[in-house]
Amino acid sequence: MTDESALPLVIDGLRKSYRTRGSQRLVAVDGIDLQVQRGECLGLLGPNGSGKSTTIQCVSGFYPADDGRVVLFGHDVAREPKQARRWLGVCQQEDSLDTDFSARNQLIRHARYFGISHRDAATKADELLRRLDLAGKAGKLVEHLSGGMRRRLQVARALVSSPRLLILDEPTTGLDPDIRRGLWRILAEERAKGTAVLLSTHYMDEAERLCDRIALMHEGRILDLAPPRELVARHAGTEEIEEEVRPGLLWKRPPNLEDVFLRLTGRQLD
């Protein structure tokens, strides 16, 4: 039974490393602490290799942590995996869809894993296909869908069980701008119901638009954690930044999260 008073997500001292050639260890996540509140969108912002995806895999229970704890709604992911993941919806970075099923059946089968009746699962599947502009592809086999359609179907699959914590790893990669905005709207609707969101992204505009707080990640560590505007004010100030577009041409703009990350790490986000 889920503890209604417990936070959706608590990460305490999470560490994860991998063995590389030569029996050396590569530290992917180096002792991070995080909490996500109900209805909050917490963003993990950083370049590839910063530890975002590994953190999400540990939270989802796909990777065992070397040290530390991950607790979902009061349940330890390592000790109580079934209870911990009961209210969890996950959209992984990799395409994990089953190509042997139609888009609609993919959603229904996934909902059934959570004990949802076939009738309710079908109703929810049809609703999500409509919301994600996939209703016309309901009977199509997954292997015949475009990359963008498959990405949207992965988001729909994460939502079909009506999760209370939604984990999204680079959910809008490869999507057209109008589709991205449609997904942002759906996330806002889910959050209005109290759903918490853990979002991994390297898009500045996405992080600024969607996230209540952002954890800036670099080399497996959290450099700072705060609302987007607070991060900018703290590390980049309010002065305008000059950039050289081409030799002899400069333009001014307000500071943003890219400037924050550059000042903290000496490198760009992408």
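We use all heavy atoms of the structure for the numbers below, so side chains are in, but hydrogens, waters and symmetry mates are not. Numbers here simply count residues along the sequence, with the first being 1. As the structure is a computational prediction, the values presented were derived from the model and not from experiment.
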(message) Could you go through Glu170 and Thr201, starting from their C-alpha distance and side-chain angles, then the distance that decides it, and tell me whether this counts as side-chain contact (heavy atoms from CB on, under 4.5 Å)?
(response) CA-CA 5 Å; Glu170 306 284 357; Thr201 183; 4.2 Å; yes
(request) To the nearest 0.5 Å, tell me how far Leu26 CG sits from Lys16 NZ. (result) 11.5 Å
(request) Kindly compute the distance separating CG (Leu231) from CZ (Arg229), expressed to the nearest 0.5 Å. (result) 12.5 Å
Do the charged groups of [X] and [Y] touch, with an N to O distance under 4.0 Å?
X      : Y      : value
Asp30  : Arg221 : yes
Arg191 : Asp212 : yes
Lys193 : Glu190 : yes
Arg104 : Asp126 : yes

Can you give me the closest heavy-atom contact between [X] and [Y], atom names plus distance?
X      : Y      : result
Phe261 : Leu216 : CD1-CD2, 4.2 Å
Glu40  : Val36  : OE1-CA, 3.5 Å
Leu128 : Ala156 : CD1-O, 3.3 Å
Leu134 : Leu153 : CD1-N, 3.8 Å

(message) If you apply the rule salt bridge (charged side-chain N to carboxylate O under 4.0 Å, His left out), what do you find for Asp100 with Arg109, and how did you get there?
(response) CA-CA 12 Å; Asp100 293 332; Arg109 286 175 60 87; over 6 Å; no
(message) So does Gly13 get a backbone contact from the side chain of Asp33, meaning a donor-acceptor N/O pair under 3.5 Å?
(response) yes
(request) Would you confirm whether Lys52, through its side chain, and Met217, through its main-chain N or O, come within 3.5 Å as a donor-acceptor pair? (result) no
(message) For Leu42, run the side-chain contact (heavy atoms from CB on, under 4.5 Å) check against Leu198, Leu199, Leu210 and tell me which one passes.
(response) Leu198
(message) Out of the candidates Arg150, Met149, Lys137, only one should pair with Val142 under the side-chain contact (heavy atoms from CB on, under 4.5 Å) rule; please name it.
(response) Arg150
(request) Under the side-chain contact (heavy atoms from CB on, under 4.5 Å) rule, what do Asp259 and Val232 come out as? Steps first, then yes or no, please. (result) CA-CA 8 Å; Asp259 302 310; Val232 172; over 6 Å; no
(request) Determine, step by step, whether Ile116 and Ile108 satisfy the side-chain contact (heavy atoms from CB on, under 4.5 Å) criterion, reporting the C-alpha distance in whole Å, the side-chain angles of both residues, the deciding distance to 0.1 Å, and the verdict. (result) CA-CA 9 Å; Ile116 299 172; Ile108 293 173; over 6 Å; no
